[in-house]
Amino acid sequence: MTCREIIDILQKQSPEHYACAWDNVGLLVGNYEKEVQTIYIALDATEEAIAEAVEEGADMLLTHHPMIFRELKKVNSDDFIGRRVISLIQNDISYYAMHTNFDVKGMAELGAEKMELTKCQVLDVTCREEQGEEGIGKVGMLPCEMTVTECARRVKEVFGVELVKIFGIPDKKVTKAAICPGSGKSVIGKAIEAGAQVLITGDIDHHDGIDGAAQGLALIDAGHYGVEKIFIPYMKQYLEEHTSGIKVTAQPPRQPFLYQ
């Protein structure tokens, strides 16, 4: 299969037009007509991920976060992004990113399913179509009433994270939850408007956390990577089911930082 044919399959899952205007998704490096026999999947196109893709003999690298986000005026070895681009080209690896288009069509629904949320609605609507509203995050009902601490324990279990950070009253009982994998501080207001009692997300800083809690919203921060790493096994299974004759390999779970 060619890179273009693989992209057509990816577009059926998460069409690029669902990406936010500020985002940079699609084929960022490489040739559409490149023959693909092996695909390597990671959350980020780090030097480590690219090296692993090379070791696997990958023809295509698929990530959630785009390596090239801002305008590149030069591509040379003095810049860490430039070095990665050069490595991809030298090893003839096509590189595709599906970021906020997957957030809209994939990520939040996956997260909501893991938390067994029901009666789900879009948290932050980013587009309206004949089929309905689409956007970032989901809000719905938890499978049963639980405390914030119990909800946090469930988050750790279903997302496979070691630690979470809680803002709010740990013993508060909650029934309605919002989930926004990745960085969710921008949807705190949306979660409050939607009547959510707890928001499950990542990248919540000190001020946003205490301000959200002051407005009655508990926040469970499981880390940006912690909640979004579900992209990797999901896309591996999706590609295995929708392609033939393609080897799909994936980066194992690996926090980008250490707890000390």
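Since this is a predicted model, take the numbers as computed values, not measurements.
By the side-chain hydrogen bond (donor to acceptor under 3.5 Å, both in side chains) test, Tyr234 is found to be paired with Gln13, residues two or more places apart in sequence or in another chain being considered. For His242, the side-chain hydrogen bond (donor to acceptor under 3.5 Å, both in side chains) test picks out no residue, with sequence neighbours left out. Every residue meeting the side-chain hydrogen bond (donor to acceptor under 3.5 Å, both in side chains) condition with Glu241, not counting sequence neighbours, appears here in chain and number order: Gln237. Applying the side chain to side chain contact (heavy atoms under 4.5 Å, CB included) rule to Lys114 yields the partners Val158, Phe159, Ile230; only residues at least two apart in sequence or on another chain are considered. The side-chain hydrogen bond (donor to acceptor under 3.5 Å, both in side chains) test applied to Glu48 returns Arg254, not counting sequence neighbours.
Of the possible polar contacts, none joining the Asp59 side chain to the Ile93 backbone as a donor-acceptor pair under 3.5 Å is found. Under a 3.5 Å cut-off, the side chain of Asp44 and the backbone N or O of Thr46 do not form any donor-acceptor pair.
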Can you list, pair by pair, the side-chain donor-acceptor contacts under 3.5 Å of residues 136-151, counting residues two or more places apart and other chains?
| unit_1 | atom_1 | unit_2 | atom_2 | d |
| --- | --- | --- | --- | --- |
| Thr147 | OG1 | Glu150 | N | 3.0 |
| Thr147 | OG1 | Glu150 | OE1 | 3.4 |
| Thr149 | OG1 | Pro170 | O | 3.2 |
| Glu150 | OE1 | Thr147 | N | 2.8 |

Let me check something: any side-chain donor-acceptor pairs from residues 172-183 under 3.5 Å, sequence neighbours excluded? List them with distances.
| unit_1 | atom_1 | unit_2 | atom_2 | d |
| --- | --- | --- | --- | --- |
| Lys172 | NZ | Gly216 | O | 2.6 |
| Thr175 | OG1 | Gln197 | OE1 | 3.2 |
| Lys176 | NZ | Ala194 | O | 2.7 |

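Evaluation of the side-chain hydrogen bond (donor to acceptor under 3.5 Å, both in side chains) test over residues 186-196, restricted to residues two or more places apart or in two chains, returns none. Screening residues 91-107 for salt bridge (Lys or Arg N to Asp or Glu O under 4.0 Å) gives Lys34-Asp92, Lys105-Glu134 as the qualifying pairs, with residues at least two apart or on separate chains. Counting only residues at least two apart or in different chains, salt bridge (Lys or Arg N to Asp or Glu O under 4.0 Å) contacts with residues 4-24 comprise Arg4-Glu33.
Note that the CG atom of Leu110 and the CE atom of Met235 stand 10.0 Å from one another [nearest 0.5 Å]. Put simply, CZ on Phe231 and NZ on Lys236 are 13.5 Å apart, with the number rounded to the nearest 0.5 Å.
Cluster note: Val122 groups with Val125 through ILVMFWY side-chain heavy atoms spaced under 4.5 Å, whether in direct contact or through intervening members. Leu163 belongs to a hydrophobic cluster with Phe257, Tyr259, counting contacts under 4.5 Å between side-chain heavy atoms of Ile, Leu, Val, Met, Phe, Trp and Tyr, direct or through other members.
Looking at Asp203 and Lys185, no side-chain N of the basic residue comes within less than 4.0 Å of a carboxylate O on the acidic one, giving no salt bridge. Between Arg153 and Glu157 there is no salt bridge, since no side-chain nitrogen of the basic residue lies less than 4.0 Å from a carboxylate oxygen of the acidic one.
Side chains of Glu52 and Tyr40: a donor-acceptor N/O pair is present below 3.5 angstrom, by distance only.
Within a 6.0 Å radius of CD in Gln131, more than 12 heavy atoms belonging to other residues, nucleotides or ligands are found. Heavy-atom contacts from other residues, nucleotides or ligands closer than 6.0 Å to CD of Glu113 number more than 12. For Leu72, the CG atom is densely surrounded, since the number of other residues' heavy atoms within 6.0 Å is greater than 12.
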